[in-house]
Amino acid sequence: ADGGEAELELCPVRHQPEELEQLLARTKFSKQELQALYRGFKNECPSGLVDEDTFKLIYSQFFPQGDASTYASFVFDAFDADGNGALCFQDFAVGLSVLLRGTVQQKLKWAFDLYDINKDGCITKEEMLEMMKSIYNLMGRCTHPPLRDSAPAEHVDLFFQKMDRNGDGVVTFEEFLETCQKVKSSGRALASPPAAS
């Protein structure tokens, strides 16, 4: 009996996805798209769950020129809607649906939540600086022209000049949304990190 129990403990826990109908209602994917996404997810994550370390490892493969660990951690937290420390297929499908097929407001809310590291409903300069540093680390030193060490802080200052509409030192979702919508309607681009070359 002891051998059987030990064997059971070694088997990976398989996470069953929600009923397909529930996922169809929560996402903007078709049944066929969800099935294809699920096959890919299970192929990469046979246990049905992805912890933060695994997510960082996967993410780092897309950015071999830099250090993706901190930024990947922030993205992991944004996908981990229930905050349980693991991504299941539902977390993945719902987040991906917002990013690929959500409304502009849904996408902006997702981005705001990504930047709101402590999830208190506003973005501070400290949070934005952490995020900017993680993005610059993600890009690595392979940018042309090379980035100055002061670039993340300069980026944060520019972000707050545009976003902190009432000058209270924090950016709320309402300020974020209003500024992004004004920029979109005027055709101007918000400051964004330079692309890696």
Side-chain angles (χ1 to χ4, degrees), residues 18 22-23 25-29 50-52 55-56 59 62-63 66-88 90-139 143 147-196:
E18 289 179 17
Q22 290 177 343
L23 270 178
R26 291 180 64 198
T27 67
K28 294 186 179 182
F29 293 124
V50 179
D51 64 15
E52 189 172 340
F55 188 82
K56 287 178 182 179
Y59 215 90
F62 294 100
F63 298 94
D67 177 2
S69 61
T70 305
Y71 187 76
S73 178
F74 295 147
V75 173
F76 179 88
D77 287 345
F79 270 98
D80 185 15
D82 57 9
N84 69 353
L87 299 182
C88 62
Q90 294 90 309
D91 294 329
F92 174 71
V94 169
L96 200 58
S97 176
V98 168
L99 291 174
L100 296 178
R101 304 218 174 127
T103 64
V104 170
Q105 185 160 348
Q106 288 170 328
K107 290 176 182 180
L108 288 173
K109 177 69 172 127
W110 195 92
F112 180 87
D113 290 344
L114 173 66
Y115 295 137
D116 180 13
I117 295 170
N118 68 1
K119 310 301 180 218
D120 68 352
C122 58
I123 301 170
T124 64
K125 282 190 172 186
E126 292 77 17
E127 286 173 316
M128 184 53 70
L129 185 57
E130 280 187 59
M131 183 61 68
M132 285 298 108
K133 285 179 178 178
S134 75
I135 291 170
Y136 282 91
N137 287 339
L138 175 80
M139 294 184 318
T143 58
L147 299 170
R148 296 180 317 279
D149 289 340
S150 61
E154 291 167 6
H155 213 101
V156 170
D157 289 341
L158 188 56
F159 176 87
F160 270 79
Q161 285 172 20
K162 290 179 186 256
M163 293 282 179
D164 185 12
R165 303 183 73 77
N166 65 2
D168 66 353
V170 297
V171 174
T172 63
F173 179 64
E174 291 73 25
E175 289 173 314
F176 185 79
L177 182 62
E178 183 182 340
T179 306
C180 290
Q181 288 175 333
K182 281 187 178 179
V183 168
K184 185 177 189 274
S185 66
S186 72
R188 290 178 295 143
L190 278 178
S192 59

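For the pairing with Asp80, the side chain to side chain contact (heavy atoms under 4.5 Å, CB included) check across Val75, Asp91, Asp51 returns one residue only, Asp91. Of the candidates Lys133, Glu126, Met131, Lys133 is the only one forming a side chain to side chain contact (heavy atoms under 4.5 Å, CB included) with Leu129.
Of the inter-residue distances, the one linking Asp67 atom CG with Leu138 atom CG reads 8.5 Å to the nearest 0.5 angstrom. Taking CD of Gln90 as the start and CZ of Arg26 as the end, the distance is 7.0 Å to the nearest 0.5 Å. To the nearest 0.5 Å, the span separating CG on Leu108 from CG on Leu114 amounts to 12.0 Å. Taken from CD in Gln105 to SG in Cys180, the straight-line distance is 11.0 Å, to the nearest 0.5 Å. Here the CZ atom belonging to Phe29 is positioned 5.0 Å from the CG atom belonging to Leu100, to the nearest 0.5 angstrom.
Asp164 places a side-chain N or O within 3.5 Å of a backbone atom of Gly169 that can act as its donor or acceptor partner. With hydrogens and angles ignored, the 3.5 Å screen pairs no side-chain donor or acceptor of Glu52 with any backbone N or O of Phe76. Lys28 places no side-chain N or O within donor-acceptor distance of the main-chain N or O of Val98, the cut-off being under 3.5 Å. Proximity of a side-chain donor or acceptor of Gln106 to a complementary backbone N or O of Thr103 within less than 3.5 Å is detected. Using a distance-only test at 3.5 Å, with no hydrogens or angles considered, no donor-acceptor pair links the side chain of Gln181 to the main chain of Glu178. Side-chain atoms of Ser97 do not come within 3.5 Å of backbone N or O of Ala93 as any donor-acceptor pair. When atom types are taken as modelled, the side chain of Asp116 and the backbone of Asp120 share a donor-acceptor pair closer than 3.5 angstrom. Using a distance-only test at 3.5 Å, with no hydrogens or angles considered, no donor-acceptor pair links the side chain of Ser73 to the main chain of Ser69.
Scanning both residues, Leu23 and Thr27, for their nearest heavy atoms gives O-OG1, 2.8 Å. Residues Glu127 and Ile117 come closest through the heavy atom pair OE2-N, 3.1 Å. Smallest separation of non-hydrogen atoms from Phe92 and Phe79: O-CE2, 3.8 Å. Considering every non-hydrogen atom in both Phe55 and Ala72, the closest pair reads CE2-O, 3.3 Å. Listed here is the closest heavy atom pair of Thr179 and Met163: CB-SD, 3.6 Å.
With contacts defined as side-chain heavy-atom distances shorter than 4.5 Å, the pair Glu175/Arg165 qualifies. Looking at heavy atoms from C-beta onward, Phe63 lies out of side-chain contact with Met139 at the 4.5 angstrom threshold. Taking 4.5 Å as the limit, some side-chain heavy atom of Tyr71 sits within range of a side-chain heavy atom of Tyr59. In this structure, the side chains of Met132 and Phe159 stay at 4.5 Å or more apart for every pair of heavy atoms. Side-chain contact between Leu158 and Gln161 is present, with at least one heavy-atom pair separated by less than 4.5 Å.
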Exercise. Quick one: do Phe176 and Lys109 satisfy side chain to side chain contact (heavy atoms under 4.5 Å, CB included)? Show the steps, please.
Key: CA-CA 9 Å; Phe176 185 79; Lys109 177 69 172 127; over 6 Å; no
Quiz item: Can you check ring pair (Phe, Tyr, Trp, His ring centres under 6.0 Å) on Tyr115 and Trp110, steps first, answer last?
Solution: CA-CA 9 Å; Tyr115 295 137; Trp110 195 92; 9.2 Å; no
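Taking the ring axis of Phe160 as reference, the NZ or CZ atom of Lys125 stays within 45° of it and closer than 6.0 Å to the ring centre.
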